[in-house]
Amino acid sequence: MTPAGPPPASGRLLVPLYVHPAADPAAWAALAAAGPRVRGVVLNAADGPGQRPDPAFAGAAERLRAAGVPLLGYVDTGYGRRAPRAVVADIRRHRRWYGVDGVFLDQVPAHAAPLPHYRRLVLLAKALGAWTAVLNPGTHPDPGYARVADLLVTFEGTWEAYRRAGVPPWTADHPPSRFCHLVYAVPPGAADQVARTAETRGAAVHCAVPGEGANPWRGLPWLDGAPLPAAGARSGADGSPPGADASEPGSRPGARGVLPGTAEAVPGAGTSRLGRPAGARPGQHGPLPGADGSGIRPGGSRPGADGILPGVSGTPFGVAGALSGAGGFGSAPDRAPRRAW
């Protein structure tokens with residue numbers, strides 16, 4: 001049984017803001033100012049928490065927390081193929097370094113076979129104090145996922161695809177607060193329609209952004225038909241950071257440590273996991289300014305000597321057993337990989 005936690009937030013916006021706070025501080029300030037309207041903000045330092053805490057993300061997290069905005073730590077689950085030890089280690093880092101309230105488990109498969117694996121991950125996350133579990137298959141999965149997640153992302157894609165999307169009958173068996181739709185490439189005139197469409201389709205939570213390309217989530221979302229007002233500077237109409245050239249060739253998020261919309265590499269940054277191409281899931285912006293590139297996990301490395309998390313092995317959920325195995329569940333959906341190695 002899932003342990004009880006704080007009641008869910010009441011806001012209707014779930015915002016994956018995948019831009020470094022130093023690149024667009026106004027965007028992060030705007031989310032804090034939005035306060036109660038935000039259901040949660042996804043913190044994604046390096047396709048996860050990275051290997052060490054980042055002071056800029058820690059400061060942004062503190063300001064959001066002070067404003068009452070729930071924080072969700074981004075964790076790549078690799079469609080059930082990523083080792084449970086690595087997933088839980090990322091959750092623990094998010095909790096320790098940024099004090100997140102929950103987790104955003106990305107790259108979740110849609111078929112039923114991995115359900116026991118994800119049920120264990122959610123229990124382990126809550127045992128570590130991450131009370132809210134958001135699962136993102138990006139499409140309507142097997143109905144069992146709605147009983148595992150506190151919030152289930154059942155659509156992620158472009159506005160044009162969203163207009164044509166359907167909703168399976170089983171979603172009517174759950175409250176709208178259980179579902180979220182993430183829509184990008186939204187033109188100004190369609191922002192209100194995204195909110196109305198989500199409500200009509202039984203999803204109480206959504207996010208609509210104007211951004212496109214490899215990382216459409218680098219800017220602020222639409223709110224009430226207009227861009228969410230930024231404090232001071234505002235992100236560009238296409239979601240790019242202030243003063244950035246979003247059309248800069250080669251500014252793919254995560255490529256050689258380049259920040260979205262810029263042509264200058266971050267000093268000391270190495271190759272990151274690649275962001276997804278246009279028409280795919282949220283990408284990432286790679287290592288952080290001033291970092292030594294260790295925010296990206298080298299291939300084959302594991303957190304800690306044995307991967308076991310301190311203070312967790314005595315929980316009633318059988319952590320030692322739950323962390324065994326790599327949890328492979330066959331082939332992943334036909335989508336671009338996140339990892340560059």
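In this chain, residues are counted from 1 in sequence order.
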The test is side chain to side chain contact (heavy atoms under 4.5 Å, CB included); show your working for L121 and V103 and say whether it passes.
CA-CA 10 Å; L121 290 180; V103 290; over 6 Å; no
Do Y74 and D106 have a side chain donor and acceptor closer than 3.5 Å?
yes
Side chain to side chain contact (heavy atoms under 4.5 Å, CB included) assessment of R201 paired with H181:
CA-CA 10 Å; R201 294 177 180 174; H181 296 164; 4.0 Å; yes
What's the shortest heavy-atom distance between A67 and A32, and which atoms?
CB-O, 3.3 Å
Run the side chain to side chain contact (heavy atoms under 4.5 Å, CB included) test on D47 and D76 for me, step by step, so that the C-alpha distance in whole Å, both residues' side-chain angles and the decisive distance to 0.1 Å come before the verdict.
CA-CA 7 Å; D47 274 357; D76 175 11; 5.5 Å; no
Applying ring-ring contact (aromatic ring centres under 6.0 Å, His included), name anything that partners Y145, two or more places apart in sequence or on another chain.
none
Which heavy atom of P216 sits nearest a heavy atom of G213, and at what distance?
CD-O, 3.4 Å
Spatial distance of atom CG (D101) from atom CG (L64) [nearest 0.5 Å]
10.0 Å
Give me the atom names and distance for the closest heavy-atom approach of I91 to A130.
CG2-CB, 4.3 Å
Can you see which heavy atom on A185 is nearest to which on E212, and at what distance?
CB-CG, 3.5 Å
Which heavy atom of L13 sits nearest a heavy atom of W222, and at what distance?
CD2-O, 4.3 Å
Determine, for E62 against R65, whether the closest basic-nitrogen to carboxylate-oxygen distance falls under 4.0 angstrom.
no
For A198, does its backbone N or O pair with a side-chain atom of Y162 as donor and acceptor, under 3.5 Å?
yes
Indicate, with yes or no, if L151 and V167 share a hydrophobic cluster defined by side-chain heavy-atom contacts under 4.5 Å among Ile, Leu, Val, Met, Phe, Trp and Tyr.
no
Gap between atom CG of L135 and atom OG1 of T77 - 0.5 Å precision:
7.5 Å
Kindly indicate whether the side chain of L17, heavy atoms from C-beta on, has any atom under 4.5 Å from the side chain of N44.
no
W159-Y184 aromatic ring centre distance below 6.0 Å
no
Before giving the answer on side chain to side chain contact (heavy atoms under 4.5 Å, CB included), spell out for V153 and F104 the whole-Å C-alpha distance, their side-chain angles and the decisive distance to 0.1 Å.
CA-CA 10 Å; V153 179; F104 183 90; 4.2 Å; yes
dist N136:CG -> L72:CG (nearest 0.5 Å) comes out at 11.5 Å
Going from NE2 on H117 to CZ on R82, what distance comes out if it is rounded to the nearest 0.5 angstrom?
10.0 Å
Identify all side-chain donor-acceptor contacts of residues 169-180 below 3.5 Å with residues at least two apart in sequence or on another chain.
{"unit_1": "T171", "atom_1": "OG1", "unit_2": "P168", "atom_2": "O", "d": "2.9"}
{"unit_1": "R178", "atom_1": "NH1", "unit_2": "A146", "atom_2": "O", "d": "2.4"}

Can you find a pair of side-chain heavy atoms, one from P187 and one from P210, that are under 4.5 Å apart?
no
Would you mind reporting whether T139 and F155 have side-chain heavy atoms less than 4.5 Å apart?
no
Min side-chain heavy-atom separation L105-V134 under 4.5 Å
no
Side-chain contact, heavy-atom cut-off 4.5 Å: R92 with V88?
no
Non-hydrogen side-chain atoms of D142 and L115 separated by less than 4.5 Å
yes
Quick one: do E160 and R163 satisfy salt bridge (charged side-chain N to carboxylate O under 4.0 Å, His left out)? Show the steps, please.
CA-CA 5 Å; E160 288 302 321; R163 295 172 62 187; 3.3 Å; yes
Donor-acceptor contact below 3.5 Å, side chain R95 vs main chain V100:
yes
Least distance between heavy atoms, T154 atom then P141 atom
CG2-CD, 4.2 Å
I'd like to check the ring-ring contact (aromatic ring centres under 6.0 Å, His included) partners of H206; sequence neighbours left out, ordered by chain and number.
none
Side chain Y98, main chain D54, donor-acceptor under 3.5 Å
yes
How many angstroms lie between CG in L152 and NE2 in H140, if you round to the nearest 0.5 Å?
8.0 Å
If you measure from OH on Y79 to NE2 on H111, what distance do you get to the nearest 0.5 Å?
11.5 Å
Non-hydrogen side-chain atoms of Q51 and R93 separated by less than 4.5 Å:
yes
